[in-house]
Amino acid sequence: MPTYNTSPGTRDILAPESARWRAFQQVFADIVERAGFGHIIPPMFEDLGVFLRVGETTEIVTKEMYDFDDKGGRRIALRPEQTASVCRAFVEHRPVTPWKVWYAGPNFRYEKPQQGRYRQFDQVGVEVLGIDDPQLDAEVIALAVDFYRRLGLHGIRLSLNSLGDSGDRDRYATALRAHFTSHLDALSTESRATLERNPLRVLDSKRPEDAPLIAAAPRMADHLTDAAATHFAAVQSALRAAGVDFVIDDRLVRGLDYYRRTTFEFVATSLTAAHTAIGGGGRYDGLVADLGGPETPGIGFALGLDRTLLACDAEGVFAAPTSAVDAFIVDVTGGEQAAQLCTQLRAAGFGVDRAYDSRSMKSQMKVADRSGARVAIIIGEDEVAANTVTVRTMESGSQQLVSRGELVERLKTVLGR
RNA sequence: GUGGGCGUAGCUCAGUUGGCUAGAGCGCUAGGUUGUGGUCCUAGAGGUCGCGGGUUCGAGCCCCGUCGUCCACCCCA
């Protein structure tokens, strides 16, 4: 038994899965960079205060924060998400707007792990600061949809809602509280507790006994100001114009307190486990101001890497890329020849590996086979004496003697380069 | 944070009502008459049965605790 294992909720991502992660981030980077987004790499930990802005009523802040005092007495937290960091960075650097950034990397939440939920989990995402235009909302959403399509996913449902401006949101919360409070006995115990913290979240309850009360609850749509309603309508028509399918879900309440107006969520219909929400986002006008900056509108989304990959598994798409070296050197004369050839061939641009410990040809060939290399380069006493090597095509088993001087050209031919 | 399932070789698992030196498949290593992989055959290495207590003549099997893991709730990506 090993002395140490990974901490709960963390894991090692090994090859070939790690290559899949890299490809995932690469596909995302390609899409958003082509749309004018710049890459931001915020720190993985920040002053705790940055994240408290996410919302005092969310569990992310109240019980899931990975926080600690550093040796300088600062109160530090591992980031639970990256939007707050991006806004902090905006206030710190004051870039010209619109500021369009994308990110990829791990976040941390102290939760009980289960499928699709880790204490260290990766997200990719974008944020745009300084623009209020509903066309931007639609474009940002379309970017995520395009990304899913590029992965090969089909079973993605986009839910859309508007939480209104902050005043709307507060009025709606009050109306909800009044509604649920007047029927408290019909509400589940869990939801009663939720009601205390955040009435909006009661709408999220999946308990059957709460369903009737939720169905009868006041509608957010009836609490929107004209401005918010107009904005929401414009977002919808822009989405239709872009050919993006969506469903309006006026019960959609996202977990973070800072959301205003447009909110959305992506659900993988191929996933049957509890965690089917694989991405989400929305507007957070006001967050920048909360962090000490000027009044600045903002919108963005974050997509969960782990869960999205789970959805890819379920649909059988976006497999891990196979990675193999081009050639594997089998040297039964001690290994010096292999060392030389490795250097030479790698410099010439080939992917090359070799065997060690002067093992038998049979065992070196097994390693060659396992490496996935298309070609084995065999060096025995005969080859050394004649300044040649044997080039063996693994799949067919055909092989031929090649002089050292012709090896590079020969490899190019065999590998089809 | 709450509830439940599970924890035996690197991996997937089997181990009967507690009873001798704990098994299989895959993987790994070495061979199969002396320069060759993927199929086949043979042999071999590898386990303080998560950890700590307890019950018992005796525990992988029972009890308690603990840690880990999985699932659901909660929450969320």
Side-chain angles (χ1 to χ4, degrees), chain A residues 1-11 14 54-55 57-65 80-83 104-125 144 188-191 193-194 197-198 201-202 204-208 253-256 265-268 271-281 301-311 328 330-333 355 357 359-384 389-399 401:
Chain A
M1 291 298 110
T3 309
Y4 295 108
N5 295 98
T6 56
S7 294
T10 68
R11 66 238 159 100
L14 307 178
V54 168
T57 65
T58 68
E59 296 212 332
I60 291 175
V61 168
T62 55
K63 47 185 266 208
E64 295 174 1
M65 198 81 89
E81 55 116 40
Q82 292 178 248
T83 303
N107 303 319
F108 307 85
R109 292 179 196 172
Y110 196 89
E111 300 182 274
K112 192 152 181 177
Q114 67 187 70
Q115 187 185 61
R117 188 173 74 182
Y118 302 95
R119 287 184 178 174
Q120 177 178 331
F121 63 102
D122 267 61
Q123 289 182 329
V124 296
S188 67
T189 351
E190 292 86 348
S191 288
T194 308
R197 283 203 317 277
N198 186 346
R201 295 221 57 84
V202 177
D204 244 2
S205 167
K206 289 163 195 94
R207 272 168 288 274
V253 180
R254 310 256 327 131
L256 279 28
E265 189 169 275
F266 297 100
V267 168
L271 293 179
T272 50
H275 299 105
T276 55
I278 61 173
F301 64 69
L303 313 180
L305 193 154
D306 315 83
R307 289 187 188 177
T308 305
L309 250 22
L310 242 33
F328 193 95
V330 171
D331 175 2
V332 289
T333 67
D357 293 340
R359 299 212 280 179
S360 70
M361 178 169 290
K362 177 174 176 137
S363 88
Q364 289 193 43
M365 281 302 293
K366 285 183 87 157
V367 182
D369 185 43
R370 227 178 299 157
S371 77
R374 287 166 61 197
V375 168
I377 297 172
I378 299 165
I379 304 167
E381 300 298 344
D382 297 348
E383 283 85 349
V384 172
V389 297
T390 294
V391 174
R392 179 183 177 88
T393 306
M394 294 302 277
E395 193 181 351
S396 65
S398 67
Q399 58 187 49
L401 221 48

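Throughout, protein chains are lettered first and strands after them, A, B, ... in sequence-line order, and every chain is numbered starting at 1.
Between A/G397 and A/E265, the residue anchored closer to the 5' end of RNA chain B is A/G397, taking for each the nucleotide with the nearest heavy atom. Toward the 5′ end of RNA chain B lies the nearest nucleotide of A/D369, the other residue of the pair A/D369 and A/R119 mapping further downstream.
Rounded to an integer number of Å, the gap from CG of A/N5 to P of B/G50 is 14 Å. For the pair A/L271 CG and B/C71 C1', the interatomic distance rounds to 15 Å; values are reported in whole Å.
At a threshold of 4.0 angstrom between heavy atoms, the contacts of A/T308 with the nucleic acid are absent. Using a 4.0 Å heavy-atom criterion, one finds that A/Q364 contacts no nucleic acid atom at all. When heavy atoms are screened at a 4.0 angstrom cut-off, A/I378 is found touching base atoms of the nucleic acid.
Of all heavy-atom pairs between A/R392 and A/G397, the closest is NH1-O, 3.3 Å.
A/K112 contributes a side-chain N or O that forms a donor-acceptor pair with the base of B/U2 under 3.5 Å. Between the side chain of A/R117 and the base of B/C74, a donor-acceptor pair under 3.5 Å is found. One cannot find a donor-acceptor pair under 3.5 Å joining the base of B/G37 and the side-chain atoms of A/Q399.
Atom name C1', nucleotides B/C26 and B/C64: the rounded distance is 37 Å, in whole Å.
Note on A/Q114: every side-chain N or O is 4.0 Å or more away from OP1 and OP2 of B/C71. In this model, the phosphate group of B/A30 is approached by a side-chain N or O of A/R359 to a distance below 4.0 Å at OP1 or OP2.
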